[in-house]
Protein chains: 2
Amino acid sequence: MTTADADPQPSAGRRTDPGRRDRIIDVCLDVIADVGVAGTSHRRVAEAADVPLGSMTYHFSGMNELLHEAFTRFGTTVSDQFERRMATAADAAAAREAVVAIIAEDVFDTQRDLVLTHELYTLAARDPSFRDITNAWMARSRRALERHFDPTTARMLDALIEGLTIHRALDIEPHGREVVVDAVRRITGG
Amino acid sequence: MTTADADPQPSAGRRTDPGRRDRIIDVCLDVIADVGVAGTSHRRVAEAADVPLGSMTYHFSGMNELLHEAFTRFGTTVSDQFERRMATAADAAAAREAVVAIIAEDVFDTQRDLVLTHELYTLAARDPSFRDITNAWMARSRRALERHFDPTTARMLDALIEGLTIHRALDIEPHGREVVVDAVRRITGG
DNA sequence: GACTCGAGTGTACGACTGTACACATCGGTA
DNA sequence: TACCGATGTGTACAGTCGTACACTCGAGTC
């Protein structure tokens, strides 16, 4: 502020910042993971993203739009990972393996993701507008599972994934990999 | 305020109110179910419970204590229902039946309970002090299941209950009862 | 009646919130 | 060069928050 710091490209349009909106959304997810939706505010996100407070109202119509965009991105990211993981499976055995991997480590590989998932679910449980995001998410994972299993089995696996993931998020004593393998086998009958 | 309204028992100690603390805790859960932990404030709870704002700081050291007590009560209530439901089962078939009932309708019988569960999980996912509550909850339900099933199966059923309950909370297309029955049978091998 | 004591309450304070909007600033055009 | 329109920002406002604390008031004792 007091001194113009040495900008490598002063003429390259320091003022316009096309990626800023995207960056704010990404940072917003970090903030949510850190302090929860309850603690997330324009000011906190602005500070974390290193943008002025005015940028918040400039890029988003309000807090709700920001949260919606952030969780939409999160949902898409997780669904992508899920689909990609399932897509690599060639046969039924590999598909079972993929499901185990998803539960045990692959898709939700950080406490951050688990926390964000809960935040989203909590929002969606109360506010129908956020349910679009969870519905899309569920539909995609269901479809990915149905490429390998019949619809009923897919639904059960989906529920199992959900449940075991929650146990992980809540830090229930870690379930060994063999328990997951066993559960998947019982459900798929493999 | 302006006029002393006709109190049926003016001499019965209108001033002292021993049940007030309990009442605040109950009302607090209603408020949380209504507007979420994020929207819950001393003022809102006080208004809903029809007590002056000062009562909040008088009875609770702070917001955190209030939330903790409220969710402790909620967890106990749900666990009680769960245990009672499982306790009635005489044999393995009845136990399977009870699990199905818990998932399909019994324990979480209102959207309110589903919403509160998510709020609690979200808190617990971030704040370890709330994990005491979820841990106690999980331990009790696990123990109740282990009276009828081996530990591994109990853990799987627990996860299944969790997962299918979430699907219900998020208003995923309702799973028919027969799907639940089928899933329980596959896991228990009944 | 006078007095004491603790239960309970109204109010005020500083911190923080979302949001609006007047203003600064810069790339492009003539 | 002078100007304009769009992009972006600092600041102010009205409201809500948690919390502290001086106070009221009623029940019990003499």
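The figures that follow rest on heavy atoms only: side chains count, while hydrogens, waters and symmetry mates do not.
Remark: B:D22 engages B:R73 in a salt bridge (charged side-chain N to carboxylate O under 4.0 Å, His left out) (not counting sequence neighbours). The side chain to side chain contact (heavy atoms under 4.5 Å, CB included) search around A:D182 returns A:R185, A:R186, B:T152, B:M156, not counting sequence neighbours. When the side chain to side chain contact (heavy atoms under 4.5 Å, CB included) test is applied to B:T188, the partners found at least two apart in sequence or on another chain are B:R96, B:F149, B:T153, B:L157, B:V184.
No side-chain donor-acceptor contact under 3.5 Å links B:E69 to the backbone of B:E65.
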Nucleotide N/O to protein N/O under 3.5 Å, stretch nucleotides 15-17 of chain D:
unit_1	atom_1	unit_2	atom_2	d
D:dC17	OP1	B:S41	OG	3.1

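Under the 4.5 Å side-chain criterion, counting only non-hydrogen atoms from C-beta, B:F82 is not in contact with B:R140. Residues A:L114 and A:T110 are not in side-chain contact: their nearest non-hydrogen atoms beyond the backbone lie 4.5 Å or more apart.
Near DNA chain D, meaning a heavy atom under 4.0 Å from it, residues 26-38 of chain B has no residue at all. Listed by residue number, A:P52, A:L53, A:G54, A:S55, A:Y58 are the residues of residues 49-65 of chain A with a heavy-atom contact under 4.0 Å to DNA chain D.
Residue-environment remark: CD (B:E47) stays at or below the threshold of 12 foreign heavy atoms within 6.0 Å. Remark: A:D50 CG is loosely packed, at most 12 non-hydrogen atoms of other residues, nucleotides or ligands lying under 6.0 Å away.
Checking the phosphate oxygens (OP1, OP2) of D:dT7, no side-chain nitrogen or oxygen of A:R21 falls inside 4.0 Å.
Regarding A:E47, its CD atom lies at a distance of 13 Å from the P atom of C:dG18, rounded to whole Å.
The pair A:R177-A:E97 meets the salt-bridge criterion, since a charged nitrogen lies less than 4.0 angstrom from a carboxylate oxygen.
Under 3.5 Å, the side chains of A:Y121 and A:E162 contain a donor-acceptor pair of N or O atoms.
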